[in-house]
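Read the structure below first, then the notes.
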Amino acid sequence: MISRWRRLHQQGQLVVPEPEAQTFLPVQIPAEPKAPSAIVIEIGAVRIRLEGALDLEVLQTVLAALRISA
């Protein structure tokens, strides 16, 4: 397509709109969905699985509870 436009421009056949006719359209880029995640902690017979978005407070609480019980 660009090669075609260049050729038309070189031949004087490319019609370029007037500057006031050019407008910008607002663009909204959707936020990227977070990839699903899972953390599995196994200590002896205990298995803890945390799924979804990582909440640092929850992870700290779980790890603190495991330290106390160990």
Side-chain angles (χ1 to χ4, degrees):
M1 184 59 93
I2 293 173
S3 296
R4 181 173 174 239
W5 291 340
R6 288 182 65 211
R7 201 173 319 111
L8 288 173
H9 176 69
Q10 290 168 349
Q11 296 170 356
Q13 298 177 359
L14 183 64
V15 178
V16 180
E18 294 296 320
E20 61 269 2
Q22 296 176 1
T23 59
F24 290 100
L25 298 176
V27 175
Q28 294 182 351
I29 300 173
E32 292 185 30
K34 294 183 180 180
S37 63
I39 297 176
V40 179
I41 303 169
E42 293 184 28
I43 300 176
V46 176
R47 181 181 210 188
I48 300 171
R49 182 177 177 95
L50 304 170
E51 293 185 6
L54 178 62
D55 184 343
L56 190 55
E57 277 188 49
V58 171
L59 181 58
Q60 288 173 336
T61 303
V62 169
L63 293 175
L66 288 173
R67 274 191 218 113
I68 291 170
S69 67

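Here the CD1 atom belonging to Ile43 is positioned 4.5 Å from the CG atom belonging to Leu66, to the nearest 0.5 angstrom.
A search for side chain to side chain contact (heavy atoms under 4.5 Å, CB included) contacts involving Gln10 returns Arg6, not counting sequence neighbours. Shown here are the side chain to side chain donor-acceptor pair (under 3.5 Å) partners of Arg4, two or more places apart in sequence or in another chain: there are none. Among residues two or more places apart in sequence or in another chain, the side chain to side chain donor-acceptor pair (under 3.5 Å) test is passed with Gln60 by none. Glu51 meets the side chain to side chain donor-acceptor pair (under 3.5 Å) test with Arg49; sequence neighbours excluded.
Trp5 places none of its side-chain heavy atoms less than 4.5 Å from the side chain of His9. Between Ile41 and Leu63, the closest side-chain pair of non-hydrogen atoms falls below 4.5 Å.
Among pairs with a residue in residues 36-47, those fulfilling side chain to side chain donor-acceptor pair (under 3.5 Å) read Glu42-Arg47, at least two apart in sequence or across chains.
Leu56 and Ile39 are not part of a single hydrophobic cluster, where members link through side-chain heavy atoms under 4.5 Å apart.
For Gln13, the CD atom sits in a packed shell: over 12 heavy atoms of surrounding residues, nucleotides or ligands are nearer than 6.0 Å.
When hydrophobic residues (I, L, V, M, F, W, Y) are linked wherever their side-chain heavy atoms come within less than 4.5 Å, the members clustered with Val27 are Ile29.
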